[in-house]
Amino acid sequence: MKLTHVELKQFDKDGYLFFPGKFSIEEARVLRHAADEVYALNRKEVWRETSGVARTAFAAHTYNEPFRRLGAHPRLIKPVEQLLDGKVYIHQYKVNAKAAFDGEVWQWHQDFGTWARDDEMPEPRAMNIAVFLDDVTAANGPLLFIPGSHKLGIVDAGHDLETTSYPLWTLDRETVTKLAEDGGCVAPTGPAGSMLMFSSLMVHASPPNISPFGRSIVYLSLCHVDNHIRAFNRDEWIAHRDFAPIEPLSDNCLNELISQKSVAAE
Ligand code: SIN
Ligand code: MN
């Protein structure tokens with residue numbers, strides 16, 4: 001998949017691109033099932049909300065086969081290589097549950113703000129690419145973006161160690177209000193299997209999920225190999241130390257798992 005000139009211009013303007021239904025329903029189902037297996041694990045990488053339900057499973061590509069394959073999927077890796085102009089490694093890998101009723105807030109932040117301050121990533125030559133594992137709607141805690149906010153560099157932030165179980169450099173209300181006066185606020189929504197890529201400087205957040213519908217999204221945070229982090233302050237399964245370039249698998253790599261399963265069932 002190659003991003004078109006129009007898509008590149010749109011990314012430059014807005015800071016994100018949305019591709020509804022980029023993965024098939026079957027591919028999304030394999031990953032959704034894998035997410036449930038991962039959430040049930042009693043591992044340090046699986047962080048929980050105050051209620052005990054899973055919030056985030058970090059580094060799931062290192063202990064789950066479907067997520068390993070997704071971590072080298074060409075539909076995710078190739079467009080990011082194109083935008084960052086070179087080979088990439090995985091800086092962070094998250095499966096975010098935003099569970100029905102109990103999924104808690106993600107406060108307003110920029111990912112690069114945390115990566116620069118905590119991990120000493122030199123430049124914002126890194127970005128997120130995400131796949132929806134459930135239908136994401138206005139009701140179940142969608143991601144919120146301020147389009148164009150990626151043009152502003154690192155915005156002032158405070159270290160929030162209290163609001164949720166995950167420490168984050170977050171923006172105050174005055175700053176968010178001012179940014180949204182210019183950029184507005186959007187929530188990309190769409191069916192399971194949709195793909196969303198966004199700049200590491202994008203100001204974003206998500207509200208709690210009070211609905212009865214879960215909202216799992218898996219995020220690869222990919223960084224140009226020359227731009228790897230310099231400081232190792234966080235656990236290696238949160239801010240990875242393996243800077244080897246990802247070699248993409250075949251486009252069929254998730255479908256192979258589906259056919260293996262159906263052969264086994266025969
Ligand atoms: C994030 O900002 O990294 C995740 C937010 C979400 O999944 O809602
Ligand atoms: Mn984020």
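Hydrogens, waters and symmetry mates are skipped; everything else that's a heavy atom, side chains included, is used. Whatever order the structure lists them in is the order used to number ligands and atoms, beginning at 1.
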Kindly confirm or rule out a cation-pi arrangement of R55 over W106, judged by NZ or CZ under 6.0 Å from the six-membered ring centre and within 45° of its axis? yes
Output the list of atoms in ligand 1 that are nearer than 4.0 Å to some heavy atom of N96, sorted by atom number. 4 (C), 5 (C), 6 (C), 7 (O)
Quick one: does D118's side chain get under 4.5 Å of W169's, heavy atoms only? yes
For ligand 1, which atoms, with element, lie under 4.0 Å from some heavy atom of Y219? 4 (C), 5 (C), 6 (C), 7 (O), 8 (O)
Which of the atoms of ligand 1 are close to R215, meaning less than 4.0 Å from one of its heavy atoms? 6 (C), 7 (O), 8 (O)
Does atom CZ of R173 have more than 12 heavy-atom neighbours, drawn from other residues, nucleotides or ligands, at distances under 6.0 Å? no
Should R43 and E45 count as an ion pair when the cut-off is N to O under 4.0 Å? yes
Using heavy atoms and a threshold below 4.0 Å, how should the contact between Q107 and ligand 1 be classified: side chain, backbone, both, or neither? neither
Checking ring pair (Phe, Tyr, Trp, His ring centres under 6.0 Å) for the pair Y16/H204: CA distance, chi angles, key distance, verdict? CA-CA 11 Å; Y16 75 96; H204 62 287; over 10 Å; no
Which ligand 1 atoms, with their elements, are less than 4.0 angstrom from a heavy-atom of H204? 1 (C), 2 (O)
of all protein heavy atoms, closest to atom 3 (O) of ligand 1 is K94 NZ, 3.0 Å
Which N, O or S atom name in H109 marks its closest approach to the Mn ion (ligand 2)? NE2
Looking only at N, O or S atoms, find the one in D111 nearest to the Mn ion (ligand 2) and name it. OD1
Heavy-atom side-chain contact between H224 and K87 under 4.5 Å: no
For ligand 1, note which part of L143 has a heavy atom under 4.0 Å away: side chain, backbone, both or neither. side chain
Starting from atom 8 (O) of ligand 1, what is the nearest protein heavy atom, named by residue and atom, and what distance separates them? S206 OG, 2.6 Å
Carboxylate-amine/guanidinium proximity below 4.0 Å for E65 and R68: yes
